[in-house]
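A note on names: the letters A, B, ... follow the listed sequences, proteins ahead of strands, and every chain is numbered from 1.
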Amino acid sequence: MSFLSKTNQPRSWGRYPKVTPAEVQSVFWRSELPNIADFEQPVLPYAYGRSYGDSCLNEGGVSLDVSHLRRFISFDEDEGLLCCEAGVSLAEILELIVPRGWFIPVSPGTRFVYVGGAIANDVHGKNHHKAGTFGCHVTRFELLRSNGERLICSPHENTNLFQATIGGLGLTGVILWAEFRLKPIVNPFIDMERIQFSSLDEFLQISAETDQQYEYTMSWVDILIGGQNLCRGIFMCGNNDQSRSLASKKTGRKLPLTVPFDLPSFVLNSLTVKSFNELFYHSQLSKRVHKVVPYEPFFYPLDSIHEWNRLYGKRGFLQYQFVVPFQDGFGAMREIIGRIRRSGEGSFLTVLKTFGTIRSPGMLSFPRPGITLALDFAYGGQKTLQLLDELDKVVRQSGGAVYPAKDARMSAENFQAFFPRWQEFAQYVDPHFSSSFWRRVSHAQKLVMV
Amino acid sequence: MRILIVGATSAIAHETAKRFAKDGAEFFLVARSPEKLEDTGNDLKVRGAKRIETFLLDVTDLDRHQEMIETAISTLDGLDMVLISHGTLGDQQKCQVSVSETLKEFTTNCTSVISLLTILAGYFEQQKRGCITVVSSVAGDRGRQSNYVYGAAKGALSVFLQGLRNRLSKSGVAVVTVKPGLIDTPMTASVKKGLLAASAQGVGEGIYRAMKNRKEVVYLPWFWRPIMLIVRSIPEPVFKRLSL
Ligand SMILES: Cc1cc2nc3c(=O)[nH]c(=O)nc-3n(C[C@H](O)[C@H](O)[C@H](O)COP(=O)(O)OP(=O)(O)OC[C@H]3O[C@@H](n4cnc5c(N)ncnc54)[C@H](O)[C@@H]3O)c2cc1C
Ligand SMILES: NC(=O)c1ccc[n+]([C@@H]2O[C@H](COP(=O)([O-])OP(=O)(O)OC[C@H]3O[C@@H](n4cnc5c(N)ncnc54)[C@H](OP(=O)(O)O)[C@@H]3O)[C@@H](O)[C@H]2O)c1
């Protein structure tokens, strides 16, 4: 348990861009809510700051810290229905529900996100092909609007606001609490397989073979190697274990390591990235490995190193996650990987996955059927930004999209092409809310007027 | 485990209570806001509390202390532990120009606690077991111009607790004085936080352990003990000229 409190200055995970709000306001109680219309600057809720870019930042505005809204409200253990305030983290939820035989329905690659953040980015996990996004499991929530209204939103009540708020990037109001369905489990273990693959073709083949059989799938890939094969990597798939009882073994909580300070930027360069990937690929000696492991290392391998983002040094980094449809996926993937290789920018952690067909209620939800790749790039100034702009073009041509939760730079034009329902969504944006991201991606028209 | 918490909606008390809830404790929660009390009680219930009883009380209403404590004892059928955590930071500037403001701060932070402790001490002394824990503050270790009214109230409280500990040790009752430094809670929302600001979670964990281990005086986080040792050892002729 860390004694020191979170710093008051909102930062995003990539620590790029570094912008500051005019003020930070904390919300402590649902019975003592601020009057949002009284703020002179636009408001944006800030949760755990695990978004990479600027979608959780509000330069010059009011950052509304919701991290103190962290109380549970009710837990129906028979039905698996949990209701809690928006600042409760998935980590805290897991700690409560796993020993009682329940699991969160969808989890991103870190458990250090709040329920409000999980809804506002409509996060996806390793089970997208079986369970859709987090928003698919939300039964209702309460939304505070700047006119003081507190609305219960559900698939049956205030439906439009329900759909706009899921994946709504914090722009439609403040989610005060949410209720969502859990998934029953027999024990805290995952029955998993790790399979080496040495081409994108092989990845797709394994993916097709395992999708039916496995609830959770994702791959770590190295795209800098493999020439025409485009990549090589390790495919991980798993199911909740059924073979032992709940109390069979406690999953010990190890103290997480912390990266105590920013490393000098040269530590993560293309050479270290290559050696890391090499090591990772060869750490597995046989083609297929079968294991039963506790859920934490399977879902959250990075959570055991606190603040690993500091490995990138002060300059920060950008994550780039896109999805391209299956139909055109191959051409676009080939093009993107080619461009990255030619640019000489290494990507330290690269994750490959397929999205299934389950539709989210969210208007602006990112996942759609196709192949998704998430890459990290150390921020190297103009040349990094230029590369990502080029990649945007390819993604756009293929009919894909780039994930706002990870973005810090996409253009208004591209955003509007990636999210064709954005104008419908814009009607539900609260007039007192905005973000650095939103001002960038929605501004095209306003600029003309100025 | 049957626990009475006065100031149950305080962030620090709630963080402490969460840990006891996980152990399946029974609670008698006392606070003045019905909404906050309900939010806190529901949270503890989900986290595993076996029983939640609540009581509305403004602690400055000293006449109701006896009634509240009797209700707690009869409802839970006895008490094993007490945690007193209410408090207000007060406005030093306002206190300096207003006797009534100063006395009000004293009532909340000191007199009300002494009143509660006087009644509770008799009960625990007779029962010959149990643990009384009170949240005081490092501010009570030395008076400083920036908040000496609050500091004096906490200081008086700390001395009262020393004496009470001395008295009750014969009866096997533990008295724990908690002295936190700056913590990020609603009480300090408007105070600028430096590097040393602690999280309520860490402090709650510290209080939970101190209560279970029947400690005497705990500084939270621990580094406030050496800091306050130094602060206390600065000679008054020097100290009076510092802007603290
Ligand atoms: C290591 C790592 C792995 C990740 N893996 C995945 C993954 O597998 N899948 C995935 O989808 N994402 C993933 N992410 C991204 C992350 O899940 C999302 O960015 C998530 O939304 C972050 O939540 P947060 O609580 O930190 O919210 P923040 O980043 O603080 O905020 C996110 C958005 O939510 C809004 N918001 C927050 N609280 C509220 C509220 N109460 N009411 C209204 N709006 C609110 C904010 O305004 C902001 O727009 C990963 C991130 C990291 C660091
Ligand atoms: N935060 C710090 O930096 C710090 C440092 C050292 C010591 N402390 C001490 O820690 C304790 C807990 O404070 P906290 O930090 O947890 O802040 P907090 O969350 O603001 O808690 C203070 C609590 O005291 C209650 N209270 C105040 N006056 C009251 C009254 N007349 N009757 C009933 N309840 C009253 C408040 O109730 P309402 O919500 O209804 O107002 C609130 O629940 C206090 O004793 C404080 O002095 C805090």
Side-chain angles (χ1 to χ4, degrees), chain A residues 1-9 23-34 48 64-77 80-89 91-100 102 112 115 142 150 176-177 179 182 250 253 255 260-261, chain B residues 8-12 14-19 21-22 24 31-49 52 180-209 219-224:
Chain A
M1 170 75 48
S2 157
F3 255 127
L4 296 189
S5 103
K6 248 177 29 158
T7 66
N8 285 339
Q9 198 55 259
E23 63 179 302
V24 181
Q25 280 288 338
S26 293
V27 184
F28 290 104
W29 296 93
R30 277 179 285 142
S31 50
E32 280 178 5
L33 295 170
Y48 225 131
L64 208 60
D65 178 356
V66 296
S67 63
H68 295 273
L69 289 179
R70 52 189 291 267
R71 303 171 194 95
F72 288 106
I73 297 169
S74 65
F75 179 18
D76 181 337
E77 290 191 53
L81 206 57
L82 183 74
C83 185
C84 65
E85 290 181 337
V88 177
S89 70
E92 204 162 3
I93 294 176
L94 286 163
E95 215 174 288
L96 177 86
I97 64 175
V98 169
R100 303 188 196 182
W102 293 96
F112 301 126
V115 166
E142 187 180 12
R150 291 173 60 164
L176 298 176
W177 56 262
E179 181 190 72
L182 304 174
K250 276 218 171 96
R253 279 219 296 157
L255 267 185
F261 48 80
Chain B
T9 55
S10 111
I12 296 176
H14 187 194
E15 286 301 331
T16 310
K18 281 179 187 177
R19 285 143 180 96
K22 205 173 167 195
R32 63 177 166 182
S33 150
E35 294 90 2
K36 295 182 189 178
L37 202 48
E38 190 187 340
D39 287 359
T40 307
N42 284 340
D43 177 74
L44 295 176
K45 210 179 281 171
V46 172
R47 289 177 196 269
I52 301 286
L182 184 62
I183 314 157
D184 184 13
T185 70
M187 197 173 94
T188 57
S190 58
V191 178
K192 213 170 140 34
K193 313 270 185 329
L195 274 178
L196 294 183
S199 70
Q201 290 98 292
V203 172
E205 175 75 26
I207 298 179
Y208 169 73
R209 287 199 203 137
Y219 284 82
L220 290 171
W222 61 269
F223 52 72
W224 284 99

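- Contact of A/Q25 with chain B is not made at all, since no heavy-atom distance falls under 4.5 Å.
- Closest of all the heavy-atom pairs between B/D43 and B/H14 is OD2-NE2, 2.7 Å.
- Interface remark: A/E77 contributes no atoms to any contact with chain B (heavy atom separation under 4.5 Å).
- Of the two parts of A/F28, only the side chain, counted from C-beta on, holds a non-hydrogen atom closer than 4.5 Å to a non-hydrogen atom of chain B.
- Taken to the nearest 0.5 Å, the CD atom of A/E23 stands 12.5 Å off from the CG atom of A/D65.
- For B/R209 (side chain) and B/E205 (main-chain N/O), no donor-acceptor pair under 3.5 Å exists by modelled atom type.
- Per-residue counts of heavy-atom pairs under 4.5 Å with chain A were compared for B/T185, B/T9, B/I183, B/L44; the largest is that of B/T9.
- Put simply, the side chain of B/T40 reaches to within 4.5 Å of the side chain of A/W29, judged on heavy atoms.
- Of all heavy-atom pairs between A/W177 and A/C83, the closest is CE3-SG, 3.6 Å.
- Both the backbone and the side chain of A/R70 come within contact range of chain B, each with at least one heavy atom under 4.5 Å from a heavy atom of that chain.
- Ranked by heavy-atom pairs under 4.5 Å with chain B, the list A/R100, A/R71, A/E85 is led by A/R71.
- With a 4.5 Å cut-off on non-hydrogen atoms, B/K45 does not touch chain A at all.
- At a threshold of 4.5 Å between non-hydrogen side-chain atoms, the residues A/L64 and A/V27 count as touching.
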